[in-house]
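Here is the structure we will look at.
In what follows, every heavy atom counts, from backbone to side chain, and hydrogens, waters and symmetry copies are set aside. Note that the numbering runs from 1 along the sequence shown for the chain.
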Amino acid sequence: MSIYTFENIREKVLNRHRISVEEAVWLGEHVNLPGLGALAHNANQHINGETVYFNRNIHIEPTNICVNHCLFCSYRRRKDEEGSWEYSIAEMMDMARTAVEQEPGLTEFHIVGGVHPDRGLSFYIKLIASLHQAFPNVHIKAFTAEEIVQMCKLEHIELEQGILALKDAGLMSMPGGGAEIFDTGIRRKICPDKISGNKWLQVHETAHRAGIPTNATMLYGHYDTLKHRLEHLEQLRALQDKTGMFNAFIPLKFKARNNKMSHLGEVSIIEDLKTFSLTRIFLDNIPHLKAYWPMLGIDQTLLLLHFGVDDIDGTIADTTKIYSMAGGKQQPAMSSNQLVEFIQQNQRTAVERDSLYNTIKIYS
């Protein structure tokens, strides 16, 4: 006979008491989707009310040339391989200039790419400084932990020193990519070259100590189990208790096209709804749960607003290839008016935010 009951765990959640990994696993294995969704919705309402956030952003992807060999990746190319790119700083400045001209209200440059074998810290400092000087009012959210470790390694610079140099150049926050799944065995199987989960956490803690807020992610729906996911969340929750500098968490669904794990297929929408719900219930100290609409499609993203999600990312303007090359549901471009309309159709309050969740505009 189980030591857990839905009533007892539900009571803990409703009274804002933290639940354990074991309790969350029990919920996932014994409670139906309406029950999980109701708890997740309640947890989200306690933090965010009826608000759903979006922003006006573009992605700049400096290169897809990468030293790593992640089995789930559809994006990576070798140097000089067909389909590879490595943009110059001048080319990326042109991209930024075009985006700002087309969208005067743009508030964020989101910069991530492959882990380049040759480009060190000085290249990326120059890129950030150039963007910040030309567009001082646009927030620069840039570089995964993996990228930062590599760029510092190439120039024999200590991690903290490198992060501070990027901050001095204009880096304002970091995305959460590269976390994948922290379980050592699965990580070794799906991304054998990547930094460890502990190293990822160290990079983000170092950024937090430097005053740089970050996001966090998790890649789910491959070899992982529900317990693996919750153990991943537990480590993020512990770091957030320590620093309080994670802004948002983004569960990323494994997409099975054009990679070496395609044979696994993809988990169902039921598993997606369960994962997002349990994340909101368990991850009680990271304020925002984001559904990345270019990956999931706008229909599923809107459904997830009833399962704990309060952020649907941004306009993006067809500037990312990471998920479209892996079979993302939708061409990644959406106007702010479209996003507002979709949110309002769900009887929620659409709020345009900046990169740090300060309100820019509330849409009635």
Side-chain angles (χ1 to χ4, degrees), residues 53-64 75 85-116 119 121-148 151 162-178 204 207 210-217 247-248 250 288 290 292-295 311-324 332-336 339 352-358 360-361:
Y53 294 95
F54 73 96
N55 71 337
R56 299 178 196 241
N57 63 343
I58 64 158
H59 287 224
I60 297 174
E61 297 172 358
T63 184
N64 66 342
Y75 178 80
W85 70 82
E86 45 185 340
Y87 297 125
S88 67
I89 290 175
E91 288 174 316
M92 288 184 275
M93 290 296 292
D94 285 342
M95 293 175 191
R97 195 170 294 109
T98 299
V100 170
E101 288 170 357
Q102 292 176 348
E103 176 65 277
L106 190 79
T107 60
E108 179 184 282
F109 298 139
H110 179 122
I111 307 172
V112 294
V115 183
H116 197 279
R119 288 178 167 176
L121 184 66
S122 56
F123 176 88
Y124 292 104
I125 285 175
K126 186 176 179 182
L127 170 63
I128 296 297
S130 300
L131 287 167
H132 185 51
Q133 184 175 6
F135 311 102
N137 296 322
V138 179
H139 182 102
I140 299 175
K141 180 173 77 179
F143 310 132
T144 63
E146 190 78 25
E147 291 171 275
I148 288 176
M151 64 179 76
I163 287 175
L164 288 170
L166 288 166
K167 182 183 179 184
D168 288 344
L171 178 69
M172 299 169 188
S173 68
M174 285 170 50
H204 281 258
I212 299 171
T214 73
N215 290 342
T217 62
N247 278 333
I250 309 101
H288 303 290
K290 181 187 294 187
Y292 186 53
W293 69 260
M295 174 191 67
D311 189 297
I312 61 174
D313 202 77
T315 50
I316 297 177
D318 200 13
T319 52
T320 179
K321 299 178 184 177
I322 292 175
Y323 269 93
S324 58
M334 194 78 68
S335 73
S336 56
L339 291 177
E352 182 182 348
R353 61 168 175 84
D354 67 11
S355 300
L356 302 179
Y357 288 87
N358 297 305
I360 294 175
K361 181 177 180 179

From [X] atom [atom1] to [Y] atom [atom2], the distance as rounded to the nearest 0.5 Å:
X: M174; Y: H110; atom1: CE; atom2: NE2; result: 11.0 Å
X: E103; Y: S336; atom1: CD; atom2: OG; result: 5.5 Å
X: M295; Y: D313; atom1: CE; atom2: CG; result: 10.0 Å
X: Q133; Y: I128; atom1: CD; atom2: CD1; result: 13.5 Å
X: H204; Y: I148; atom1: NE2; atom2: CD1; result: 7.5 Å
X: K290; Y: I250; atom1: NZ; atom2: CD1; result: 4.5 Å

Discussion item. Testing L166, L164, I163, L131 one by one against L171 for a side-chain contact (heavy atoms from CB on, under 4.5 Å), which residue passes?
Written reply: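 With L171 as partner, L166, L164, I163, L131 yield a single side-chain contact (heavy atoms from CB on, under 4.5 Å), made by L166.
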Is there a side-chain contact between [X] and [Y] (heavy atoms, below 4.5 Å)?
X: I111; Y: I140; answer: yes
X: E86; Y: P62; answer: no
X: S173; Y: H139; answer: yes
X: M172; Y: S355; answer: no
X: F109; Y: V100; answer: yes
X: I316; Y: P294; answer: yes
X: I125; Y: L127; answer: no

Item to complete: Please work out which of the three classes, parallel, tilted or perpendicular, describes the rings of Y357 and H288, given edges at 30° and 60°.
Response: parallel
Worksheet entry | Geometric class of the Y75/W85 ring pair [parallel <30°, tilted 30-60°, perpendicular >60°] |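 Taking Y75 first and then W85, their aromatic rings stand perpendicular (interplane angle over 60°).
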Tell me the closest heavy-atom pair linking [X] and [Y], and the distance in Å.
X: T214; Y: A207; value: CG2-CB, 4.0 Å
X: D354; Y: L356; value: OD1-N, 2.9 Å
X: L106; Y: A99; value: CD2-CB, 4.2 Å
X: A96; Y: I58; value: CA-CD1, 4.4 Å
X: S130; Y: I89; value: OG-CG2, 4.1 Å
X: K141; Y: P175; value: CG-N, 3.7 Å

Worksheet entry | Salt-bridge present (E108, R56; N to O < 4.0 Å) | no
Worksheet entry | Chi angles and distances behind the side-chain hydrogen bond (donor to acceptor under 3.5 Å, both in side chains) call for Y87, E61 | CA-CA 8 Å; Y87 297 125; E61 297 172 358; over 6 Å; no
Item to complete: Could you walk me through whether T107 and I360 pass the side chain to side chain contact (heavy atoms under 4.5 Å, CB included) test, one step at a time?
Response: CA-CA 10 Å; T107 60; I360 294 175; 3.7 Å; yes
Any side-chain to backbone donor/acceptor pair from [X] onto [Y]? Under 3.5 Å, distance only.
X: N55; Y: N57; result: no
X: E147; Y: T144; result: yes
X: E101; Y: T98; result: no
X: N215; Y: A248; result: yes
X: W293; Y: G314; result: yes

Fill in: Stepwise side chain to side chain contact (heavy atoms under 4.5 Å, CB included) check, R353 with K361
CA-CA 7 Å; R353 61 168 175 84; K361 181 177 180 179; over 6 Å; no
Worksheet item: What's the verdict on side chain to side chain contact (heavy atoms under 4.5 Å, CB included) for F135 and R97, showing C-alpha distance, side-chain angles and the deciding distance?
Response: CA-CA 9 Å; F135 311 102; R97 195 170 294 109; 4.0 Å; yes
